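A short worksheet on the structure shown next.
Naming convention: chains lettered A, B, ... in sequence-line order (proteins, then strands); numbering from 1 in each chain. As the structure is a prediction and not an experimental result, all values here were calculated from the model.
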Amino acid sequence: MSEDSTEHTPIDFIREKINSDNESGKYGNRVQTRFPPEPNGYLHIGHAKSICLNFGLADDYDGVCNLRFDDTNPETEDQDFVDGIIEDVRWLGYEPNEVVYASDYFEQLYQWAESLIERGLAYVDDQDAETISEQRGGFTTPGQNSPFRDRTADENMALFRGMRAGDFADGEKVLRAKIDMNHENMQMRDPVLYRIRREHHVRTGTDWIIFPTYDWAHGQSDAIEKVTHSICTLEFDTHRALYDWCLENLELPAEKPEQTEFARLNLTHTITSKRKLKALVEDGSVDGWDDPRMPTIRGMRRRGYPAASIRAFMDHIGVSKANSTHDIELLESFIRTELNKISLRRMAVLRPLKVVITNWPEGQSDMREAINNPEDDTAGTREVPFSGELWIEQDDFALDPPPKYYRLTIGREVRLRAGYFITANDVVTDDDGNVVEVHCTYDPETAGGQAPDGRKVKATIHWVSAATAVDATVHLYDRLFTDSHPGSGDTEPLSSLNPDSRETVQAKLEPALADIEPGQVVQFERLGYFAADIDDASVFHRTVGLRDEWANIQKRKQNG
RNA sequence: UGGCCGAUAGUUCAGUUGGCAGAACGCCUGAUUUUGAUUCAGGAGGUCGCAGGUUCAAUCCCUGCUCGGCCAGCCA
């Protein structure tokens with residue numbers, strides 16, 4: 001990738017911890033991480049940060065990283081999500097050491113729960129959720145002990161086995177850790193370890209009707225897999241004490257893993273709540289989880305974001321404990337940087353305006369040679385058919401040009417990219433006075449785009465020959481949310497949903513674009529990067545536009 | 001209200017085991033350019049949240065304060 005650079009990238013607090021663990025020989029120089037999604041939705045850009053971190057750490061330290069499904073709640077989980085998540089992780093460029101499931105450990109977790117009961121560290125509670133919640137107390141008020149807290153180990157054991165065997169209804173009993181109802185950390189006030197739920201589980205089917213909670217499953221799953229560094233987001237920091245409590249009270253197969261928390265990723269104009277993304281899909285605001293406007297990994301893939309750009313972005317923003325919201329423009333700049341290097345250049349006209357070249361020899365056909373990618377000599381050239389009837393962009397002609405307008409206007413000469421110099425002489429208008437056709441003359445001496453007399457033009461515009469144009473549907477995307485921080489304050493994020501987040505146009509493409517591969521991203525010259533749809537290559541999605549100085553000039557004028 | 005975490009250019013974030021403060025994005029100049037793109041060169045832009053303390057020296061360590069985030073699911 002990058003040539004060896006002498007500048008060392010600054011080290012983050014997680015790598016610092018790993019380095020010091022390695023120095024002290026804590027895990028015998030072993031580094032093992034895991035990415036642990038719950039399969040209740042598809043992955044989004046926030047997960048991508050965690051993936052890049054966990055797999056990146058494993059790569060950097062010659063360690064391994066598992067993909068582990070945290071499938072401890074049968075209610076919301078689905079096989080489609082499992083398959084989709086595996087696919088998304090691979091697409092991002094990472095190969096899990098192993099794909100594992102918390103549900104693989106249900107029997108071990110159950111045995112460990114029995115061992116807790118034997119030692120008087122857990123009890124069965126008969127109270128309902130509401131009562132337990134009330135007894136938990138508040139931040140400044142102590143909790144109350146459950147009346148069932150002092151059952152004997154034998155009694156608890158019999159009851160817990162009964163829970164597993166199906167003697168009780170859903171919600172009738174739970175298993176709780178016996179810690180401290182006055183603990184200042186609410187997570188430590190006798191948390192629930194097991195609940196009864198007669199629900200079909202994606203992997204275990206109906207084998208189990210009791211399910212461990214996150215807190216009882218997570219640390220132990222880490223320990224079973226011999227994870228060394230268990231990295232999660234900030235909101236789990238209060239769970240760390242419980243994570244440690246569980247592991248310290250069990251016979252572990254390996255050295256105790258340690259949890260470290262980092263700040264999750266937020267982006268402007270974007271939401272990263274699985275629940276809310278699901279709502280967008282379900283109410284039809286978007287076409288699906290893979291709609292190009294979605295911040296999901298599948299959405300970004302369909303949109304044409306290269307996985308390498310996403311990785312480079314994550315590398316750049318680094319990892320810290322400061323809650324942060326990055327500008328979506330920053331991500332887009334990484335997309336442009338990558339695409340500029342690799343994408344083929346093509347010509348496409350999004351909003352066509354007819355140009356007739358009045359001095360073009362009747363019936364003459366012509367092939368122009370165009371460079372495929374000025375950033376990559378090996379990309380070669382292609383032929384583009386030229387004729388006396390062309391499509392140009394409506395924006396590239398102005399009857400009454402604003403100041404600093406370089407493009408085509410009556411009496412002005414411009415260059416057609418890879419073609420000829422043309423001068424506009426006349427227009428045809430419709431009944432409303434709109435220009436529907438521009439009549440030009442071309443200079444045959446300027447074939448290839450240079451004038452032998454050395455005269456210059458200020459603008460070069462793109463074009464497509466009308467006779468051979470390929471029709472295509474092109475989706476132009478704007479931000480999904482108009483608000484830079486959707487849902488900030490007390491606003492409902494969906495209330496700032498942008499009604500104009502997608503504009504669809506019928507475009508005219510040069511013939512080479514008929515052969516594009518599904519999913520391939522090209523640059524439409526002067527417009528931006530566009531991805532052929534994964535399922536239908538005659539449909540294009542605008543991945544991201546080019547930087548646009550002309551738009552800046554106009555904006556500045558508008559703002560005074 | 002208790003606990004934990006945070007606060008650094010216009011913006012978003014790094015960083016400093018205490019020694020002249022960094023990046024990207026954005027913005028502005030100029031050069032190159034058959035994309036108003038790219039590339040290159042340069043520029044503007046900071047009381048490092050506030051107040052004390054320790055120190056030869058504090059953005060960094062300590063104390064207090066202010067503001068923001070998270071925590072009282074049988075979700076993860």
Is the number of heavy atoms from other residues, nucleotides or ligands under 6.0 Å of [X] [atom1] greater than 12?
X        : atom1 : result
A:Arg264 : CZ    : no
A:Leu344 : CG    : yes
A:Asp377 : CG    : no

Between [M] and [N], how far apart are the [atom1] atoms? Round to whole Å, please.
N     : M     : atom1 : value
B:G52 : B:U11 : C1'   : 32 Å
B:U12 : B:G6  : C1'   : 15 Å
B:G45 : B:G36 : C1'   : 26 Å
B:G49 : B:A21 : P     : 14 Å
B:G22 : B:G46 : P     : 15 Å
B:C62 : B:G19 : P     : 15 Å
B:G43 : B:G10 : C1'   : 15 Å
B:C48 : B:C20 : C1'   : 15 Å

Do A:Arg368's NZ or CZ and the ring of A:Tyr420 fall within the cation-pi criteria of under 6.0 Å and 45°?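 Yes; both conditions hold, so A:Arg368 lies above the ring face of A:Tyr420.
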Do we count A:Tyr214 as stacking onto B:A76 if the rule is ring centres under 5.5 Å and planes under 30°?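 Check failed, A:Tyr214 does not stack on base of B:A76.
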Would A:Tyr406 count as stacking on B:G36 if stacking means ring centres less than 5.5 angstrom apart and planes tilted under 30 degrees? yes
Hunt down the Watson-Crick or G-U wobble partner of [N], both distances under 3.5 Å, from any strand shown, or write none.
N     : result
B:U63 : B:A51
B:G30 : B:C40
B:U11 : B:A24
B:U1  : none
B:A57 : none

Kindly indicate whether the side chain of [X] and the base of [N] share any N or O donor-acceptor pair separated by less than 3.5 Å?
X        : N     : value
A:His239 : B:A76 : yes
A:Gln523 : B:U35 : yes
A:Arg526 : B:G36 : no
A:Arg547 : B:U38 : no

For B:G30, measure the glycosidic angle (O4'-C1'-N9-C4 for a purine, O4'-C1'-N1-C2 for a pyrimidine) and name it syn if it falls within 90° of 0, otherwise anti.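 It is anti.
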Using a heavy-atom cut-off of 4.0 Å across all strands, would you classify [X] as base, sugar-phosphate, or nothing?
X        : answer
A:Lys404 : base
A:Leu234 : nothing
A:Pro374 : base
A:Ile553 : base
A:Gln127 : base
A:Thr268 : nothing
A:Glu38  : sugar-phosphate
A:Gly318 : nothing
A:Arg136 : sugar-phosphate
A:Arg240 : nothing
A:Phe236 : base
A:Tyr405 : base
A:Thr140 : base

So, the side chain of A:Tyr405 versus the backbone of A:Phe397: is there a donor-acceptor pair under 3.5 Å, distance only? yes
Would you kindly give the CZ-to-P distance between A:Arg345 and B:U35, to the nearest whole Å? 11 Å
If I take atom CD1 in residue A:Ile196 and atom P in nucleotide B:C75, what distance separates them, rounded to the nearest angstrom? 13 Å
Hey, does the side chain of [X] come within less than 4.0 Å of [N]'s phosphate (OP1/OP2), counting only N and O?
X        : N     : value
A:Arg556 : B:C28 : yes
A:Ser133 : B:C74 : no
A:Arg195 : B:A76 : yes

Please give me the minimum heavy-atom distance between A:Leu527 and A:Leu350, naming the atom from each residue. CD1-CD2, 3.7 Å
For the residue pair A:Arg15 and A:Gly56, what are the closest heavy atoms and their distance?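 Looks like NH1-O, 4.5 Å.
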Measuring from atom CZ of A:Arg240 to atom CD of A:Gln187, what distance do you get when rounded to the nearest 0.5 angstrom?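 It is 12.0 Å, given to the nearest 0.5 Å.
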